[in-house]
Amino acid sequence: RLRVHGAERASVSRSRALVAVGCTSGEVVLFALPPAAPTGASAVIAPAATLSLAPWGIGERMSGPVGALAFSFDGGRLAVGWRGPRGGLAVFSSAGALVAAWPSV
């Protein structure tokens, strides 16, 4: 089970067993799925990373909520689109590093 407050969008990378959940806060919560769960298991999976543009000075009020998410075909990159006043698009690596952003940060 995944628990995320304010979930808006989700994207799954089957090749890397990752789930990205975009939130109303503008953050993206990244989960690494375990290879297998026992039948009937109700364990909550902890987030592997939280992605946002806040470290570059773009907070929730500017970026707005996540409007779109998509993993690349090989699961190595995640594109995120925001629908706030500044809006924009960013590409993160599956490890959580910012690769590129428009407008630039």
Side-chain angles (χ1 to χ4, degrees):
R1 219 178 343 183
L2 308 177
R3 290 192 181 162
V4 181
H5 178 72
E8 285 255 318
R9 304 276 188 267
S11 183
V12 177
S13 168
R14 290 185 184 168
S15 60
R16 301 228 180 182
L18 298 172
V19 174
V21 179
C23 303
T24 55
S25 66
E27 294 182 328
V28 176
V29 183
L30 194 60
F31 294 90
L33 301 177
T39 304
S42 61
V44 175
I45 299 170
T50 300
L51 314 175
S52 79
L53 295 178
W56 292 273
I58 301 171
E60 171 186 347
R61 296 179 103 177
M62 290 302 292
S63 66
V66 173
L69 288 171
F71 277 101
S72 61
F73 180 74
D74 68 354
R77 302 277 188 262
L78 175 67
V80 181
W82 289 271
R83 49 188 175 91
R86 179 180 169 129
L89 173 72
V91 177
F92 292 90
S93 73
S94 60
L98 181 66
V99 175
W102 298 272
S104 60
V105 293

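The distance from the OG atom of Ser13 to the CZ atom of Phe73 is 10.0 Å, given to the nearest 0.5 Å. The CZ atom of Arg16 lies 7.0 Å from the OG atom of Ser72; values are rounded to the nearest 0.5 Å. To the nearest 0.5 Å, atoms CZ (Arg9) and SG (Cys23) are separated by 11.5 Å.
Minimum interatomic distance between Arg77 and Ser93 (heavy atoms only, all atoms of both residues): NH1-CB, 3.8 Å. Across all non-hydrogen atoms, the minimal contact from Asp74 to Ser15 is O-OG, 2.9 Å. Shown here for Leu30 and Ser94, the closest heavy-atom pair between the two residues is CD2-O, 3.3 Å. Across every non-hydrogen atom of Trp82 and Val66, the tightest pair is NE1-CG2, 3.7 Å. Residues Gly22 and Leu69 share a closest heavy-atom pair of N-CD1, 3.3 Å. Residues Val12 and Phe71 come closest through the heavy atom pair C-CD1, 3.7 Å.
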(message) Apply side-chain contact (heavy atoms from CB on, under 4.5 Å) to residues Val28 and Leu78 and explain how you reach the verdict.
(response) CA-CA 10 Å; Val28 176; Leu78 175 67; 4.0 Å; yes
(request) Take Leu18 and Leu33 through the test side-chain contact (heavy atoms from CB on, under 4.5 Å) and record every step on the way to the result. (result) CA-CA 6 Å; Leu18 298 172; Leu33 301 177; over 6 Å; no
(request) Please test Arg83 against Glu8 for side-chain contact (heavy atoms from CB on, under 4.5 Å), starting from the C-alpha separation and ending with a verdict. (result) CA-CA 12 Å; Arg83 49 188 175 91; Glu8 285 255 318; 2.4 Å; yes
(message) Does Val99 form a side-chain contact (heavy atoms from CB on, under 4.5 Å) with Phe92? I'd like the steps, not just the answer.
(response) CA-CA 5 Å; Val99 175; Phe92 292 90; 5.7 Å; no
